[in-house]
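What follows is one structure encoded as structure tokens, with my remarks underneath.
Start at 1 and go down the list; that is how both ligands and their atoms are numbered. It should be emphasised that the depicted structure is a prediction, and the values quoted were computed from it without experimental measurement.
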Amino acid sequence: MITARIAAPLAALAALQTPLPPNIITSPAACLSKLMSKQIIMLDCDGVIYCDKTPLPNSAAIIFRLMDAGKTVLFVTNSSALSRVSMCSKLNTILETTRLNVDQMVPSCYPAAWHIKKQVKDGEKVYVIGGQGIIDELNQLGVECVGGAADDHYGSSLSEADLEAYEIDPMVKVVIVGLAMDFNYRMVGHACLYLQNNLGCMLVSCNQDEFDILPSGRRQPAAGVVVRAVEHASGMKAVDCGKPSGVLFDLVSEEFGVEKDQSVMVGDRVTTDIKFGFDHGVDTVLVMSGCSDLAIVEEVLGGREGELKPTWVMPYLGFGLEEEGKLSKL
Ligand SMILES: [Mg+2]
């Protein structure tokens with residue numbers, strides 16, 4: 001069954017004039033063989049394996065096919081809301097399986113914690129703006145956090161008197177920013193106090209996405225909005241740790257042995273997923289089951305040589321397990 005979300009771009013793809021550019025893959029067998037030609041398959045999550053917690057067609061089946069063939073399948077998301085453990089349980093629930101392992105999970109709070117752990121000394125702390133996933137991953141590596149939900153008792157506003165009275169913890173050496181659905185003025189104030197007063201305090205972001213797209217098509221402000229607020233107020237630039245950053249590429253290289261010619265990144269967003277692969281010399285698959293519509297595909301494929309574009313465009317991840325000719329029947 002093809003969900004409503006991907007039926008429209010698929011029909012549009014089928015209606016494109018032939019011959020299609022060679023990097024638009026419309027045969028299931030070709031889809032499968034491109035994926036099978038790589039040893040490490042990095043998958044974005046929302047818009048690639050599920051939409052709004054509903055699995056996309058054949059998502060679980062193709063993931064298992066790849067795993068059964070001995071491939072390393074990693075789930076690489078810019079979301080930092082959940083720790084690796086919580087993300088694993090979420091994906092297993094959505095895909096109705098127990099086969100996925102914590103070691104396959106790469107939410108952006110994981111490279112962020114990994115990067116921070118390398119920068120801080122014993123006893124140094126991190127001020128957190130963002131979700132529990134960030135705190136869990138830092139604690140897992142033995143790094144203590146302040147801020148986050150523990151700061152809630154201060155309320156959302158920050159008067160001049162509050163700002164003057166706030167007790168600055170001298171051990172805070174990093175401010176980390178992820179998506180905080182309850183983001184407020186107080187958080188920026190506290191973050192800036194640390195960045196201004198604690199010598200060498202670093203600013204780190206889990207991702208810099210501008211927005212996410214809801215199933216209705218409405219745009220939901222994403223972590224980049226929070227990052228920009230802290231950057232603007234502090235005058236500092238955050239070191240990013242999500243897609244398309246070099247920190248993330250260093251992590252997947254070091255922890256998972258990702259080698260450029262043996263790996264592929266599959267995603268639905270050009271500015272993060274495809275740029276991640278493009279910037280680091282890894283082949284990419286742009287799927288049309290998420291936030292990239294036909295207009296975006298035509299725009300990126302129409303770009304000049306050397307400009308950001310996906311290696312291949314496929315209808316959706318699980319298309320490789322469909323019967324031949326499916327696209328032409330739409
Ligand atoms: Mg996505």
Next on the checklist: Only N/O/S atoms count here: what is the atom of Asp46 closest to the Mg ion (ligand 1) called?
Outcome noted: O

Checklist entry - Quick check: does Asp268 have an N/O/S atom under 2.8 Å of the Mg ion (ligand 1)? => result yes

Next on the checklist: If the threshold is 4.0 Å, N to carboxylate O, is there a salt bridge linking Asp68 and Arg99?
Outcome noted: yes

Checklist entry - Taking just the N, O or S atoms of Asp44, which one is nearest to the Mg ion (ligand 1)? => result OD2

Item to check | Note, Met202 side chain near Val175 side chain (heavy atom, < 4.5 Å) | outcome: no

Checklist entry - Is the closest basic N to carboxylate O distance between Asp212 and Arg219 below 4.0 Å? => result no

Next on the checklist: Can you classify the ring geometry of Tyr110 versus Phe256 as parallel (below 30°), tilted (30 to 60°) or perpendicular (above 60°)?
Outcome noted: perpendicular

